[in-house]
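Labels below follow one simple rule: chain letters A, B, ... track the order of the sequence lines, proteins then strands, and each chain is numbered from 1. Everything numeric here is computed off the predicted structure, so don't read it as measured data.
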There are 2 protein chains.
Amino acid sequence: MARTKKIEQSQKVIAVEASQRNSAQTRLRILHAAEAEFADHGFDGVSVRQIAQRADVPVALINYHFGGKEGLYRAIFEMRAPMIIDQRVAGLRFAQMEPDQERKVEMIVKAVLVPNLHMRSTEKNSSYARILAREVSDPKSHQRGVIQEFFDPIAYKVMDALQTALPDRTTEEINWAYQAMLGVMVYTMADTGRISRLSDGRCDPEDEMATATHLVALMKAALLHGRPAGLPADDSEQRP
Amino acid sequence: MARTKKIEQSQKVIAVEASQRNSAQTRLRILHAAEAEFADHGFDGVSVRQIAQRADVPVALINYHFGGKEGLYRAIFEMRAPMIIDQRVAGLRFAQMEPDQERKVEMIVKAVLVPNLHMRSTEKNSSYARILAREVSDPKSHQRGVIQEFFDPIAYKVMDALQTALPDRTTEEINWAYQAMLGVMVYTMADTGRISRLSDGRCDPEDEMATATHLVALMKAALLHGRPAGLPADDSEQRP
DNA sequence: ACGGCAATTGAACAAGTTGACAAGAAATTT
DNA sequence: AAATTTCTTGTCAACTTGTTCAATTGCCGT
């Protein structure tokens, strides 16, 4: 921090930028390389050497800056999470002011889905979206605690908003509704080409607009009209 | 196969079973150990040594029986996939005979969700469900081609059934609807305790009945009532 | 200008990884 | 009973893994 200020004041801005001695910048380079590699191969599928090679730095620098592989992994979330969380909070604020119930629910759904879907389709950040998707379906994530630490708070806010918009729903319904939203979102973010393949190219998660339109419509309907028939015991059909 | 027949005819059944000389049995033991380990740590997070140790066999046996780590991985799917695919096909057959649209959609949803959710809550097979969840969110799965080989065919059947039940929907809508279903299912199957944590214990994926009830209701509503507003261009609200 | 310090480097570390091999044991066939 | 196939085992060498170390570089305030 102190050094950055100095650099700005100095006349050698260009020289410093070109030269190798710049902590913040190499940190970022490692971070980006790690992001891409982790997204492609998962936490265990990547060696620190691969990351170092991609970032064009010696391996030891990773341990110096981040204190190990896991520290580097966490640093990625520390860098990215605030951005998308802020967007969600902003979206929820909009929804809060909406009087019409149907529109309100739709805005909540959008507040959850759109920031992530947008990130997914953005070139630079697309790899982070895939890391996120991996993390939620990795039992080790529990051990790392990244999801819990960064995303549980916003989850509670979303569910509060849902409960306000749909006061007649039970807590269980609200929870499952949120899980459903998240599931759809994560699965789409994590897509490895299967959606496009199955739809013969008609559906493309990269197409942020179309994807959001369809998914928001589906989840909005699910939240508005989806209620378990007989809550205590619903044994209509049961397949073997 | 030939040996198994012989064993049944032989008088030394007990001796053979107790002793170490039983190919099919050790194969299964390795398979089960691998299933558990892969589920917990992912394909890259596990070494064949760990699996061998868990199965209590020497490492070389794995290479002998399955020709390597990836062969073992695929063998798990070859063992498990048919079971759940058969269940889905059966469920779709039931749905096909249902005249009422709303019930028909519900039965299709159940045909997709219930077999997996059941497997999830079953003690013995729960690990396979988590492997499956991992595989769909792993870009390398594309490379392995397991999902494509085993599950694409049934996916097409489900979408055909959906199209029949909802004739006015576009192909895009059918595809996205299927993706949504799958996303919810996979996310629930892959759950690492977050659902229970967020809901303060109220929602438990292990509770097959409650989980299925809620998710089926949600997805049924999504399919029946979820249609994108203006298909060509829907720019009602757009958040920054 | 010079010592101090953060940043960087290449080398080395111990621990663990993989696939393969030859050789042994048990069951099956000849 | 001998030969053969099928299965099992312990060990091997070559290679990665994440991390640490001592040494070096270049920027900074005094």
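- Checked against ring-ring contact (aromatic ring centres under 6.0 Å, His included), B/Y73 has the following partners two or more places apart in sequence or in another chain: B/F38, B/F43, B/F77.
- Following rounding to the nearest Å, A/D44 (CG) and C/dG16 (C1') show an atom-to-atom distance of 14 Å.
- One finds a side-chain N or O of A/T26 lying less than 4.0 angstrom from the OP1 or OP2 phosphate oxygen of C/dT8.
- Here C/dA6 presents its P atom at 15 Å from CZ of A/R27, a figure rounded to the nearest Å.
- Spacing between atom NE2 of B/H41 and atom C1' of C/dG16 amounts to 15 Å, rounded to whole angstrom units.
- Rounded to whole Å, atom C1' of C/dA7 lies 14 Å from atom CD of A/Q25.
- Between the CG atom of A/L61 and the C1' atom of D/dT20 there is a distance of 14 Å, rounded to whole Å.
- Within a 6.0 Å radius of CD in B/Q53, other residues, nucleotides and ligands contribute 12 heavy atoms or fewer.
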B/S/- along nucleotides 18-23 of chain C (protein heavy atoms under 4.0 Å) is BBBB--

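- For the pair A/Y64 and C/dT8, the criterion of a side-chain N or O lying under 4.0 Å from OP1 or OP2 is not met.
- At whole-Å resolution of the value, CD1 in A/I62 and C1' in D/dT20 are 14 Å apart.
- Here the P atom of nucleotide D/dT17 and the CD atom of A/E37 are 11 Å apart, to the nearest Å.
- To the nearest 0.5 Å, atom NE2 of residue A/H41 and atom CZ of residue A/R130 are 9.5 Å apart.
- Shown are B/L182, B/V146, B/I85; of these, the side chain to side chain contact (heavy atoms under 4.5 Å, CB included) with B/F151 is made only by B/I85.
- The phosphate of C/dA6 has neither OP1 nor OP2 within less than 4.0 Å of any side-chain N or O from A/H65.
- Panel note: side chain B/T211, backbone B/D204; a donor-acceptor pair is recorded below 3.5 Å.
- Residues meeting the ring-ring contact (aromatic ring centres under 6.0 Å, His included) test with A/Y187, sequence neighbours left out: none.
- Distance, A/Q53 CD to C/dG10 P: 13 Å, rounded to whole Å.
- Formation of a donor-acceptor pair under 3.5 Å by the A/R202 side chain with backbone atoms of B/E172 is not found in this model.
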